[in-house]
K.L.:
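Here it is, the structure, as structure tokens.
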Amino acid sequence: MFLHLFKYRFLSFVREKSMIFWILVFPIILGTCFYLAFGKINEKSENFTSIPVAVVMETKEDGTAFQDFMSNLKTKEDTPFFKVTYTTRKKGEKLLKDKKVDGLILYKDGTPHLTITESGYNATIIKTVLERYIQSAEVVISAYKKNPAKVPGILETLSEGVEIKENKLTSGNPDNILEYFYALIAMASLFSSLTGRTLAWQAKANKSAVGMRKTCGATHRLTVLLADFCASLFVHAISSALLVTYLLFVLKINLGVSFLATLAISLSGAVIGLCVGLIIGSIPGLSEGTQIGLNVGFTLFSSFLSGLMMGDMKRFIEASCPLINHINPATLISNALYSLNIYDNYDRFLINIFTMLGLSVFLIITSYFMTRRETYDSL
Amino acid sequence: MNESIITVENLVKRYKDLIALDHFNLEVKEGEIFGLLGPNGSGKSTTINCILGLLKYDKGDIQVFGQKMKPDSYDLKANIGVIMQNVAVFKELTVYENVDYFCGLYIKDKALRKQYVNEAIDFVSLNDFRKFYPKKLSGGLLRRLNIACGIAHKPSLIFMDEPTVAVDPQSRNSILEGIQRLNKEGATIVYTSHYMEEVEQICTKIAIMDKGKNLAIGTADQLKAMIQNTETVHIETLNLSKEVENKLSGLSHLYKQSYNDRILKLYFNGGDNNLLSTLKILEDNHVRFGRVYSELPTLNDVFLEITGTELRDKEA
């Protein structure tokens with residue numbers, strides 16, 4: 001009986017074109033757009049681009065040595081470390097303020113002074129290089145005063161170059177762009193709320209003729225609901241698998257999480273989405289159109305809060321209202337993927353998974369009590 | 001004597017201030033095609049939904065197969081088929097798949113279900129459309145699919161709530177014939193409609209409903225016998241004078257007459273040759289007339305006499 005009901009509900013779900021668009025086609029299109037917009041993530045970290053800096057020369061002494069140093073500093077691939085703009089202090093400050101440059105170097109009295117507006121990878125490089133320059137300059141001046149004959153040898157040693165090496169704190173992929181793809185997977189999972197709503201609509205006698213016929217049937221309501229739920233979840237398992245396959249193997253995005261783990265997290269999210277859909281579909285007095293609007297709105301807003309449109313959204317919410325991050329389903333899904341990718345232990349991942357599990361249990365119980373009803377005040 | 005399949009006693013159902021069913025009583029016996037006739041809003045669907053346990057009711061007692069119907073009365077539900085007013089099928093499943101799905105809510109055995117599904121599709125003559133999706137079917141065919149989904153499991157009690165609404169005449173006839181065949185095969189049928197001709201054609205017993213009340217109950221002939229009208233004569237004529245109208249009023253067994261829009265209507269409560277007597281008066285007075293016909297009482301006349309309004313007027 002269960003398999004019979006499961007088979008036909010599965011067929012009816014996969015044949016519903018609008019549903020397939022939202023849970024599979026739309027995420028694939030959006031994923032492709034992200035891929036095209038952000039470039040090839042895996043190659044990005046390997047290519048070094050010159051860091052833009054503004055230099056203001058306010059010195060009575062000869063600053064040629066410093067200017068030469070800034071111009072000649074190159075990577076092994078012969079890429080200049082810095083893209084230098086010589087300017088006045090006022091213009092330099094404006095460039096820094098407008099984020100046209102990552103640092104403002106004021107060369108005064110033989111010493112460079114660095115001003116930055118925000119920390120980051122480029123700021124660290126500029127700071128390291130300037131510290132190295134100051135130390136080297138002190139060594140050369142000291143040697144010149146004590147033993148001028150040793151200066152050429154010291155200069156040769158110093159000119160061996162500055163090595164910038166990235167030491168990873170994690171074995172995962174630390175690229176921030178991944179947050180968008182995690183949010184995308186979360187969104188695709190939560191679109192299961194659409195099938196959940198349909199499921200509730202077609203289960204209730206006061207909502208649809210099909211619901212009425214099913215309620216009159218001789219099969220226990222829980223069996224019918226369970227078959228519907230499982231069929232819907234199976235559809236999402238397939239669509240999630242196709243989406244993750246597309247991201248991992250067609251776009252070749254290094255999500256930092258294995259295929260199966262991503263699929264499992266995505267399915268956990270789909271359970272939450274299904275239950276939310278069941279609850280929305282059971283709210284009395286709402287038209288079908290209003291319910292669909294609520295569904296799409298819930299999914300997109302939840303995904304927005306998890307960083308689908310703005311990568312820093314989660315951090316902004318964490319600073320202003322962290323509770324949202326702890327209960328927002330899309331953020332939980334995204335964070336579960338992130339923690340599996342970044343952290344070498346499972347502490348944060350387990351916190352996310354257990355929160356999702358708790359949320360699922362709460363939603364399943366709530367949605368069951370809202371959809372199990374068989375006798376109504378009006379039809 | 002046939003057993004009672006359904007008994008409804010003093011059923012009261014309110015929608016806030018509106019009384020949908022007002023101490024409604026009903027008894028349906030095995031083998032009947034029981035018609036619930038009444039205008040829209042008279043409480044026909046509410047009655048069915050209360051019997052099926054879908055609607056809560058405020059007062060009264062309902063027994064189906066001698067038992068109280070509850071949401072989890074799955075053993076009772078197994079013997080009941082329901083054909084809704086609105087078509088209840090999945091638009092993403094084919095004709096065969098739809099019938100199979102809904103039959104599967106009742107029949108577990110796969111082979112038996114397959115046989116039943118094929119028989120149901122055959123019964124509603126949808127064999128040529130087995131692989132069609134509902135959106136490809138015409139209104140009439142869709143109604144037939146709706147019926148197949150409701151009767152595939154061979155229930156002994158079938159509720160049909162206005163199954164012929166918005167159906168072409170050919171499909172309507174097919175559906176009505178099908179209902180009679182189901183009845184002959186042993187099914188008891190509760191049939192609601194506001195089409196009195198249909199009810200009169202197929203129902204073995206009829207309850208006339210209005211404003212949530214059961215106004216009269218009996219066979220079509222019994223209902224007609226309850227009213228004084230035995231014949232209504234209709235005559236199309238121009239400029240009927242008051243003098244002739246007065247002469248017509250002297251006809252024996254005439255209890256009411258009207259002349260509106262060039263149609264003269266004469267209502268008789270007995271007697272023979274009423275039409276001939278009428279025409280003789282018209283000819284004697286040199287009244288020219290067009291179409292003439294005599295009509296035996298209909299259920300509409302019954303409804304008219306009981307409620308003071310015509311069933312057709314209410315539909316309009």
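Every chain is numbered from 1 and lettered A, B, ... according to where its sequence line falls, protein lines coming before strand lines.
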K.L.:
Report which part of B/Ile83 has an atom under 4.5 Å of a heavy atom belonging to chain A: side chain, backbone, both, or neither.
P.N.:
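For B/Ile83, backbone and side chain are both near chain A.
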K.L.:
Can you tell me which of B/Asn49, B/Thr46, B/Asn98, B/Ile80 forms the most heavy-atom pairs within a distance under 4.5 Å of chain A?
P.N.:
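Of the options given, most contacts go to B/Asn49.
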K.L.:
Using only atom types and a distance under 3.5 Å, with no angle test, would you say the side chain of A/Arg213 pairs donor to acceptor with the backbone of B/Val82?
P.N.:
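Here the side-chain-to-backbone pair exists.
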K.L.:
Check each atom of B/Tyr101 against the heavy atoms of chain A and say whether the ones under 4.5 Å are side chain, backbone, both or neither.
P.N.:
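Both backbone and side chain of B/Tyr101 come within 4.5 Å of chain A.
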K.L.:
Answer with side chain, backbone, both or neither: which region of B/Arg113 has an atom nearer than 4.5 Å to a non-hydrogen atom of chain A?
P.N.:
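Contact with chain A involves the side chain of B/Arg113 alone.
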K.L.:
Given that the side chain runs from C-beta out, which part of B/Asp100 has a heavy atom under 4.5 Å from chain A: side chain, backbone, both or neither?
P.N.:
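Contact with chain A: backbone and side chain both.
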K.L.:
Measure the spacing between CG of B/Leu55 and CG of A/Asn206 and express it to the nearest 0.5 Å.
P.N.:
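Those atoms lie 9.5 Å apart.
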K.L.:
With chain A, which of B/Phe90, B/Tyr15, B/Phe159, B/Tyr57 has the greatest number of heavy-atom pairs at distances under 4.5 Å?
P.N.:
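Heavy-atom pairs under 4.5 Å are most numerous for B/Phe90.
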K.L.:
Does any heavy atom of chain A fall under 4.5 Å from the side chain of B/Asn146, the backbone, both, or neither of them?
P.N.:
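Contact with chain A involves both backbone and side-chain atoms of B/Asn146.
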K.L.:
Output the distance between atom OG1 (A/Thr215) and atom CG (B/Leu52), rounded to the nearest 0.5 Å.
P.N.:
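A/Thr215 atom OG1 to B/Leu52 atom CG measures 10.5 Å (nearest 0.5 Å).
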K.L.:
Looking at OG1 of A/Thr219 and NZ of B/Lys77, how far apart are the two atoms once the value is rounded to the nearest 0.5 Å?
P.N.:
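Atom-to-atom, A/Thr219:OG1 and B/Lys77:NZ are 10.0 Å apart.
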K.L.:
Could you list which of residues 291-306 of chain A have a heavy atom closer than 4.5 Å to any heavy atom of chain B, in residue-number order?
P.N.:
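Counting heavy atoms that sit under 4.5 Å from chain B, no residue of residues 291-306 of chain A is involved.
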K.L.:
For B/Lys154, which residues count as a salt bridge (Lys or Arg N to Asp or Glu O under 4.0 Å) partner, sequence neighbours excluded?
P.N.:
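Here the qualifying residues are B/Glu119.
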K.L.:
Taking 4.5 Å as the heavy-atom cut-off, does anything in residues 224-234 of chain A contact chain B, and if so which residues?
P.N.:
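Against chain B, the residues of residues 224-234 of chain A that fall inside the cut-off (heavy atoms, under 4.5 Å) are A/Val224, A/Asp228.
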K.L.:
Chain A heavy atoms under 4.5 Å from B/Leu93: which part of the residue, side chain, backbone, both or neither?
P.N.:
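Both the backbone and the side chain of B/Leu93 come within 4.5 Å of chain A.
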K.L.:
Mark yes when over 12 heavy atoms from residues, nucleotides or ligands other than A/Phe259 sit less than 6.0 Å from its CZ; otherwise mark no.
P.N.:
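Yes.
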K.L.:
Checking B/Lys70 against chain A: side chain, backbone, both or neither under 4.5 Å from a heavy atom?
P.N.:
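It is neither, since no heavy atom gets under 4.5 Å.
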K.L.:
Pick one of side chain, backbone, both or neither for A/Met212, based on which atoms fall under 4.5 Å of a heavy atom in chain B.
P.N.:
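Both parts, heavy atoms under 4.5 Å.
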K.L.:
What is the distance from atom CG of B/Leu54 to atom SG of A/Cys216, rounded to the nearest 0.5 Å?
P.N.:
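If I round to the nearest 0.5 Å, the distance is 4.5 Å.
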K.L.:
Taking 4.5 Å as the heavy-atom cut-off, does anything in residues 8-31 of chain A contact chain B, and if so which residues?
P.N.:
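The list, in residue order, reads A/Tyr8, A/Arg9, A/Leu11, A/Ser12, A/Arg15, A/Glu16.
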K.L.:
Let me know if B/Tyr133 has heavy atoms under 4.5 Å from chain A in its side chain, its backbone, both or neither.
P.N.:
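Side chain only.
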